[in-house]
Q: 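Pasting in a structure now, in structure tokens, and then I'll have a few things to ask.
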Protein chains: 2
Amino acid sequence: MEASRPDTATRILDVSERLFVEHGFEATSLRMITQQAEVNLAAVNYHFGSKDALFEAVFMRRLAPLIASCLAELDELEAREEKLSVEGLVTTFIRPCLALSKDPARGGALFVRLLSRTLVENHRLLRETISQQYSVFVQRYSRAFHHALPELGVEELAWRMHFAFSVMFNAFAGNDVLKIFTRSQIVSARDPDMIVKYLVPFVVAGLVSPVKG
Amino acid sequence: MEASRPDTATRILDVSERLFVEHGFEATSLRMITQQAEVNLAAVNYHFGSKDALFEAVFMRRLAPLIASCLAELDELEAREEKLSVEGLVTTFIRPCLALSKDPARGGALFVRLLSRTLVENHRLLRETISQQYSVFVQRYSRAFHHALPELGVEELAWRMHFAFSVMFNAFAGNDVLKIFTRSQIVSARDPDMIVKYLVPFVVAGLVSPVKG
DNA sequence: AAGCGTTTCAAACTTACGTTTTAATTTGAT
DNA sequence: ATCAAATTAAAACGTAAGTTTGAAACGCTT
């Protein structure tokens, strides 16, 4: 019962995903990658062309299916509910993230952390390639939230969505600000189901809270 | 009316702060720093000892006063209010962040972004030095929130604080997840006052929302 | 078995990094 | 003005990075 060894390119992708998350793009050398993947140093440039292209490959392997899952959940919800519920909308985003986090075969929570690092590091890849390919993602959610929360102005809604996705995203990425200052492990347990149990009510409450006069 | 040129060490700190935010620690070379600061390459090692020590100096210059401001606000609030309000508590954190963001002399919003990068990059500095020196920060806030929200269990409260600080922190750091997917500039305006106008109600609503049966 | 495109391999190349060294220069107290 | 200390300057050091090269090994069709 031995798992068949993946091919060279896949092994490079798997190891790179983990190392890019652990050390960041710059601090991860091709020699670290190829050594842990047990492939030759030149294999990266042979299969992917460059370190930059490798990063993009690592990234896109996970992003595209995740986005597709969210949009599929959104389709389902809109087909099922006449008047969209905020909790339902939030769940269409959280469920695919949760599924990804619990699936080691797809890198588990690694990719969300990679996305988080990449966002904070403000990579060119995010500013250029991705924003063009996946702008429909935000458009769909913006429209859906507008239907679910028609009493909010466009500016107020944009901010609340910004906050909502920020907290959801960082919850899955495991970015715990308070962890900086303490060694408490209560929150850092990182059980994905636990995250959701407390995350959904928090986010929904912020989204639906009455507008201040 | 020409501003007096700061001394070498200060110029290095100022430039480093900006470059560490823009490119990250690893991707910022001492040659980039010393060139832009118009000082000799060896000056960094002369004044700070090493690149690592420089990073710590850049970091601590901003963190200590920020923490002190938050705790001072907390002291004031506890002296003023018998029963702590959640909004008041949230404000003790937001107001110093806001003040910092609006003060170019202290690097403006740069430091919050640096803190964000450092958190995501999981630096040794954060795991070791800072968590020892500033654990009182989380302890104080944990106790204060427990007084303000006595009906919440310790686990539920820890999660809500985690979410609350996460969204506040990323709001000031300007980490807009949705920005990845669109070029819309509504949220990215980054006017600190605008952030607070929408941020406080969102966070408070999440914190005080009734516990699910 | 032969031939051919694909993949792997060891080695070297260029470049840039953090750091060190040593000398020149500036500063400040006497 | 002098001298010691502090600072700046230019150059080089050793290391490690991403990439390229050319030959060897492999896999597949004929």
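Lettering follows sequence order; numbering is per chain, from 1. Keep in mind that the numbers below use all heavy atoms, side chains included, and drop hydrogens, waters and symmetry copies.
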Q: Phe25(A) CZ to dA17(D) P: how many Å, rounded?
A: 13 Å

Q: Expressed as a whole number of angstroms, how long is the span from Asn45(A):CG to dG18(D):P?
A: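 One finds 9 Å between P of dG18(D) and CG of Asn45(A), rounded.
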
Q: Rounded to the nearest Å, what distance is computed from the CE atom of residue Met32(A) to the C1' atom of nucleotide dG18(D)?
A: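 For the pair Met32(A) CE and dG18(D) C1', the rounded distance is 14 Å.
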
Q: Compare side-chain N and O positions of Ser29(B) against OP1 and OP2 of dA16(C) and report whether any pair is under 4.0 Å apart.
A: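 False: Ser29(B) side-chain N/O out of range (4.0 Å or more) of dA16(C) OP1/OP2.
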
Q: Check the orientation of Trp159(B) and His162(B). Use parallel for under 30°, tilted for 30 to 60°, and perpendicular for over 60°.
A: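 Perpendicular.
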
Q: Answer with yes or no after comparing the ring centroid distance for Phe55(B) and His123(B) against a 6.0 Å cut-off, counting only values under it.
A: yes

Q: Under 4.0 Å from OP1 or OP2 of dT8(C): is there any side-chain N or O of Thr8(A) that close?
A: yes

Q: So, for Phe165(A) and Phe93(A), is the gap between ring centers shorter than 6.0 Å?
A: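 For Phe165(A) and Phe93(A), the ring centres are under 6.0 Å apart.
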
Q: Closest-nucleotide mapping onto DNA chain C: is Ala43(A) or Arg31(A) further toward the 5' terminus? I mean the 5' end.
A: Ala43(A)

Q: Could you tell me the separation between the CG atom of Asn40(B) and the P atom of dT25(C), rounded to a whole number of Å?
A: 14 Å

Q: Taking CG from Leu41(B) and P from dT20(C), how many angstroms apart are they, rounded to a whole number?
A: 12 Å

Q: Taking CG from Asp52(A) and C1' from dA17(D), how many angstroms apart are they, rounded to a whole number?
A: 13 Å

Q: Can you see if the side chain of His47(A) gets near the phosphate of dT6(C) - specifically, an N or O under 4.0 Å from OP1 or OP2?
A: no

